[in-house]
Amino acid sequence: MAFDVDLFVIGGGSGGVRAARTAAETGAKVALAEESRMGGTCVIRGCVPKKLMVFASEFRTTSALARDYGWSAETGAFNWRSFRTHLHQELDRLEGIYRSLLERSGVTMHDTRARITGPNEVSLETGETISAGHILVATGGHPVRPDMPNSALGMVSDDIFNLDELPESILIVGGGYIACEFACILNGLGVKVTQFYRGAQILRGFDEEARGLIAEMMREQGIDLHVGTNIVDMWPADAPGSAETMSAPAGERRPDTATEPGPVIVKATNGSEQRFERLFFATGRAPNSKGIGLEDVGITINRRGAIEVDNFSQTSVPSIYAIGDVTDRIQLTPVAIREGMAFTETVFKDNPTAVDHENVPSAVFTQPELGTIGLAEEAAREQEEIEVYCTSFRPMRTAFAGHPHRVLFKLIVSKATRKVLGCHIVADAAGELIQMVGIAVKAGLTKEDFDRTVAVHPTMSEELVTMREPVRTA
Ligand code: NDP
């Protein structure tokens, strides 16, 4: 049976675009639908604008450091509007590149919403119906607010890049990647940041020592971080007579009147009641799996709303595959890209390729950054007997200026095989460093391989090859 296209991709984010391009390069006829902007979360409202904000926010401490080194220049004030204009110009430029890459690969773009209407059929909001040999769902995810009255008062990460002005004060709720990164960014840009995390320590799942040091460094730079704390109640701060009219009697649900983000009064589990100019929920992301016809064709979706796929990204309907955040395997751009390329190998190059989700390096762009690969000490201990090599110190660059800033380098080593099972770095540029160490860990190198490598001096990361004695075994 002849189809209109060989492949229809739903979603123009990092994964979908890479799959569409690589499939089209094999000679397949490919179409792609994107209802928003080409480039998806990473390029338009995630990694890229976030990293540019990280760069912007670092200048305050850099210029303070410059003064300690003898420079007399002052930084002056940060002009958010001028930065935002430049930021959006850059995002437009990047979106243009994504479009021209697709165009050059011969992919037909549809700037509209698509819905699956059969195992080999997609219907567009424009009224068009297209038949396809295969369908690839790469619709990504979206930030979620907690389900409680007036949670519409809180922004989510999508909203940050479009703010008209930076607020004077902000409460960030959450302790994951997004919460911690934006706490550091906004603090660096001069916003008074308070952060609530409901658990005992931020960055759950990462190595405990690394999490502890990040929390300490965040507090040290002025972030008012409260762990074991959450919102119990909130209401609009500037509504007439807000406190009196809005407070609900004990045991009753507060009226849910808020419709958009704004100044807020927050009652916390620690008993405090505080006003914040803005509230920011960084409370996780959910897969974009609703309203695209998945249930109608019998695709299995799990309890968290993610599409169930096998190792080759195939769904329960053989002609339909899914990659990236909508499958909720590892929510990282480079992983989605790999899944997209593996899909093309499997379906269009007759080379079944499963994506390797083991030992994926990643970085949290806090200040300092956290770079990590492999097992945290706690997880490694559960698995086998280990040696822990760890050092934490004040690095030369900031120690010279008398700053209390500390870094951490840590290796988790298997006693039996001597392989390095995990590496955790807290330091400026830890994201860059972990990419390099990641190669060694992924290659299964041993502690002795690390030791054989001569140190690069004077650097912080020379510690990775000079730690001779374990600090503990477990
Ligand atoms: P995370 O899942 O990392 O963090 C969500 C946080 O919100 C957790 O601390 C969680 O607490 C807390 N939380 C969840 N629900 C509630 C609630 N109802 N009330 C209070 N707190 C709540 O999600 P993020 O949104 O930070 O990031 C999503 C994903 O995006 C990440 O997992 C990551 O894969 C990716 N990402 C990667 C980045 C990078 O590579 N640098 C940057 C940004 C995002 P608890 O721990 O108790 O569950």
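Every number for a ligand or one of its atoms is a count from 1 in the order of the listing.
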Note to self: I need the single residue from R329, R338, K442 that forms a salt bridge (charged side-chain N to carboxylate O under 4.0 Å, His left out) with D356. Which is it?
What the structure shows: K442

Which of the ligand 1 atoms, numbered from 1, are nearer than 4.0 Å to a heavy atom of [X]:
X: K50; value: 41 (N), 42 (C)
X: A282; value: 5 (C), 6 (C), 7 (O)
X: P146; value: 18 (N)
X: G284; value: 5 (C), 23 (O), 25 (O)

Table please: side-chain donor-acceptor pairs of residues 185-204 below 3.5 Å, with sequence neighbours left out.
{"residue": "N187", "atom": "ND2", "partner": "Q221", "partner atom": "O", "Å": "3.2"}
{"residue": "Q195", "atom": "NE2", "partner": "G174", "partner atom": "O", "Å": "2.9"}

Among all protein non-hydrogen atoms, which one is nearest to [atom], and what is the separation to 0.1 Å?
atom: atom 37 (C) of ligand 1; value: Y177 CD2, 3.3 Å
atom: atom 19 (N) of ligand 1; value: N230 ND2, 3.3 Å
atom: atom 43 (C) of ligand 1; value: I178 CG1, 3.4 Å
atom: atom 42 (C) of ligand 1; value: E181 OE1, 3.3 Å

Out of [options], whose heavy atom sits nearest [atom]?
atom: atom 14 (C) of ligand 1; options: T283, D147, V360; answer: T283
atom: atom 12 (C) of ligand 1; options: A286, G176, G174, C42; answer: G174
atom: atom 47 (O) of ligand 1; options: K51, R198, Q331; answer: R198
atom: atom 9 (O) of ligand 1; options: G46, S151, G175; answer: G175

Tell me the closest heavy-atom pair linking [X] and [Y], and the distance in Å.
X: A20; Y: V107; result: O-CG2, 3.7 Å
X: M218; Y: C184; result: CG-SG, 3.8 Å
X: I292; Y: S289; result: CG1-O, 3.9 Å

Classify the contact between [X] and ligand 1 as side chain, backbone, both or neither, using a heavy-atom distance cut-off of under 4.0 Å.
X: F196; result: neither
X: I330; result: neither
X: I202; result: neither
X: R204; result: side chain

Checklist line | Polar contact flag for L332 and ligand 1 (N/O pairs, less than 3.5 Å) | finding: no

Notebook entry, point to check: Would one find an N or O of A363, backbone or side chain, under 3.5 Å from an N or O of ligand 1?
Noted result: yes

Do [X] and [Y] have side-chain atoms, one donor and one acceptor, less than 3.5 Å apart?
X: Y177; Y: S362; result: yes
X: H405; Y: Q367; result: no
X: R18; Y: T333; result: no

Next item on the list: Run the numbers on K50 and E181 for side-chain contact (heavy atoms from CB on, under 4.5 Å), then give the verdict.
Entry: CA-CA 8 Å; K50 180 275 305 287; E181 289 180 346; 2.7 Å; yes

Notebook entry, point to check: Is the number of heavy atoms from other residues, nucleotides or ligands under 6.0 Å of F59 CZ greater than 12?
Noted result: no

Notebook entry, point to check: Thinking salt bridges, do E216 and R406 make one under a 4.0 Å N-O criterion?
Noted result: yes

